[in-house]
Amino acid sequence: MTEWSSNLNPTQFKAVTHRTGPLLVAAGPGTGKTRVLSYRIGHLIKTGDAKPDQMLAMTFTNQAAKEISERVFRLLNTELSSGCVNNGQKVPKISTFHGWALEFLKQTLQEAARLPIDEKDAKDICQEAAKKLRLSNTKPKVLQERVSRAKQYYPPRLTEDEDLTALIHVYHELLKKYGLWDYDDLLLEALRLFEHDEIREKFLRDFPFVLVDEFQDVSPVQYSLIKSMAKKNGNITVIGDPNQAIYGFRGASPEFMHYFKTDFEDVETVVLDTVYRCPQIFLDAATSLIKDRSAVRLKSVKDKTPKIRIKPFEDPVDEANWVARTIEQIVGGLSFVSLDSGTAGGNTLRSLSDVAVIFRAKVLGNPVAQALSKQGIPFQRADTPDPLAQKELRSIWRVWEILKGRNIQYHLLKLPGGKDLWNRKLFDLKPGFQDKDGPQLLSYIIDILDLDPNRPLLKALARAIKGNPHVNSLAVLLRNEADMLDINIEAVSLLSIHAAKGLEFPIVFLIGCESGIIPWKEADPEEERRLFYVGLTRASEEICLSHVKHRRLFGQMMHGGPSTLIADIPQNLLIKEKAKKTRVPQRPRQQRLF
DNA sequence: TACTCGAGTGTTTTT
DNA sequence: CACTCGAGTA
């Protein structure tokens, strides 16, 4: 315990050691949210207040669940070795909302539980439903989005739209026929189960300690779930930052943070306001954007407070080239702030992984990606497409699922070539597949799908499986491989602001700071402010906001001028730089290999 | 059933 | 611009 408290500041300590009853932790950017969450779990175990398997911690992403698990286990292991905790093999359940819901449904409904499908299959089924109804608009993507949007509410919010009502009805009939649930159903069905008193009572007995991460991002359904998961005076901890609520477009609302205080009884509120990440000026700029400047003033522990640089450019290519050149100089050993100003730079040696370029919409990353490749600077983008959207991989995955005995009927139906063919093909060979390992399964699948195993895509897949021979879910493996933005890799990161949430980088370029881009035209202006807030608080040392005069977006010329949000920041926190007339000649710095 | 081509359309994203 | 989707053709 003593070692623990030495790692925590007083407010963190208060949140970690809070004993019983509802707890709301308002945690600004870089205030040690994950630390508090994992320490709290560890602390509850250590004091004996909770048995490990009485705890459920819920996150939004697998990544977050993994991170927290790792920290908790690291914490407990250290404690274990010093003999403080007597650990049974029981462990706290740390899982995503959806992951927990699926398990809960399986456990409660047994064989009556259906099988989950991903978004792509949901689109297909939406389309099937729309065709049945002869709706005029049958775009699967649009339909699925509208259906999913409605299903963020319980009961699903059907508005006045009759088409949507009918569509959802038929869509649900189809899902029922196939024995499937979409992602939204997992949460909705879990919520439905909680309407049965005996089921809810059992849950309350099983999990008297519930913790929720990124609480500001909960949807109405998730909020209802949370309310069902604890008594009004129960041991429920929620942690989040209302100023970083940027998922309104999928039904989340920062309001739930306020509701929590009245929906539960005697809520203890702890505000984490000591920021370990950002310099004070970045924090002041960020908070100045938020309307109800909630009495909280974030305080940075950093002594250096560089100002925020504002850089104007003519067009996206200028902007991108400047970013690329500047990065090159940074990793060359010159400090960022002193560039252009003639001062000799500090000697901080930067690595490419210290740098992120972030932006409001993914397309804005393209010119930067081009400029970086031209300069031979390695970079990684977070926005890799879902690998399972690719045809071959999807077929491979379907056969894999069939051989693993999951969702067989539906996958047979969807495989190219048709059900009968595949029934025949798979029939003879199925026995004994339980024992085959990943690589064997894959080569078998490639064989019966008649694919060329030497294609780079399949070779990469084979490599991924080889590193993970006992993988059960190919989907999880593929998606992890694909969108894992590897922080340790020696490369610049290109990310949307959304994708950057939760991350930090010493040096951040926030590009495309123009009105119409951020704030995005026709978007909730308050949420746009929070987005900018998130963007500004990603940097731990230096940040530069840039804007251009003209930008071609979706084939249309935009000239919104510098973002109105920049004008809303107290100007003494900014250094505005003049546009440079001189266009630096393109020098090919590094020959590309091919 | 499988592929090509042109019209249409645009934020952000997890499960 | 760049991509997706679906109509149309083989």
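Lettering of chains follows the sequences in order, A, B, ..., and the numbering in each one begins at 1.
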| request: Output yes when a side-chain donor or acceptor of A:Glu514 lies under 3.5 Å from a complementary backbone atom of A:Val548, and no otherwise. | output: yes
| request: Answer with base, sugar-phosphate or nothing: what part of the nucleic acid does A:Gln127 contact at a heavy-atom distance below 4.0 Å? | output: sugar-phosphate
| message | Counting only side-chain heavy atoms from C-beta out, which of B:dT15, C:dC5, B:dT12 sits nearest to A:Lys362? | response | B:dT12
| message | Using whole Å, what does the distance between atom C1' of nucleotide B:dG10 and atom CD of A:Glu522 come to? | response | 11 Å
| message | Of the options B:dT15, B:dT13, C:dC5, whose atoms approach the side-chain atoms of A:Tyr183 most closely? | response | B:dT15
| Between atom CD in A:Glu392 and atom C1' in B:dA2, what is the gap in whole Å? | 13 Å
| Does the ring of A:Phe203 carry A:Arg200 above it, NZ/CZ under 6.0 angstrom from centre and within 45° of its axis? | no
| Worked verdict on A:Glu319 versus A:Ser546 for side-chain hydrogen bond (donor to acceptor under 3.5 Å, both in side chains) | CA-CA 7 Å; A:Glu319 183 184 46; A:Ser546 55; 2.7 Å; yes
| A:Trp520 CH2 to B:dT12 C1': how many Å, rounded? | 9 Å
| Does A:Lys311 pair with A:Asp318 as a salt bridge, N-O distance under 4.0 Å? | no
| request: May I ask you to evaluate whether A:Thr96 reaches the phosphate of B:dT14, defined as a side-chain N or O under 4.0 Å from OP1 or OP2? | output: no
| query | Under 6.0 Å between ring centres, would you say that holds for A:Phe215 and A:Phe260? | reply | yes
| note | Of the listed B:dT15, B:dT13, C:dC5, the closest approach to the A:His98 side chain comes from B:dT15
| message | Rounded to whole Å, please give me the gap between CD in A:Gln144 and P in B:dT14. | response | 14 Å
| task | Please figure out whether A:Lys391 or A:Glu527 has its closest DNA chain B nucleotide nearer the 5' end. | result | A:Lys391
| Taking the inter-plane angle between the rings of A:Tyr259 and A:Phe256 on a 0 to 90° scale, is it parallel (under 30°), tilted (30 to 60°) or perpendicular (over 60°)? | perpendicular
| message | Measuring to OP1 and OP2 of C:dC5, would you say a side-chain N or O of A:Lys123 lies under 4.0 angstrom away? | response | no
| field | Distance between P atoms of C:dT4 and B:dT13 (Å, rounded) | value | 15 Å
| said: Taking any heavy-atom pair under 4.0 Å as a contact, classify A:Pro116: base, sugar-phosphate, or nothing. | reply: nothing
| task | Select base, sugar-phosphate, or nothing to describe what A:Phe97 touches, counting heavy atoms under 4.0 Å on all strands. | result | nothing
| task | State which of B:dT15, B:dT14, B:dT9 makes the closest approach to the side chain of A:Lys139. | result | B:dT9
| said: If you define the side chain from C-beta out and look only at heavy atoms, does anything of A:Leu565 sit under 4.5 Å from A:Leu289? | reply: yes
| What distance, rounded to whole Å, do you find between the two C1' atoms, one in C:dC5 and one in B:dT12? | 22 Å
| said: Can you measure A:Gln63 atom CD to B:dT13 atom P for me and round it to whole angstrom units? | reply: 15 Å
| message | Whether A:Asn62 contacts B:dT15 is assessed here as follows: a side-chain N or O lying under 4.0 Å from the phosphate OP1 or OP2. Is that the case? | response | yes
| request: Let me know the distance between CD1 of A:Ile497 and P of B:dT12, rounded to the nearest Å. | output: 11 Å
| Roughly, in whole Å, what's the span from CG in A:Asp182 to P in B:dT13? | 20 Å
| query | Between atom CG in A:Leu225 and atom P in B:dT14, what is the gap in whole Å? | reply | 21 Å
| Closest-nucleotide 5' rank along DNA chain B - winner of A:Val142 and A:Arg250 | A:Val142
| query | Do A:Gln222 and A:Ser219 have a side chain donor and acceptor closer than 3.5 Å? | reply | yes
| request: Pull out every residue in residues 546-559 of chain A that has a heavy atom closer than 4.0 Å to any atom of DNA chain C, ordered by number, or say none. | output: A:Phe554, A:Gly555
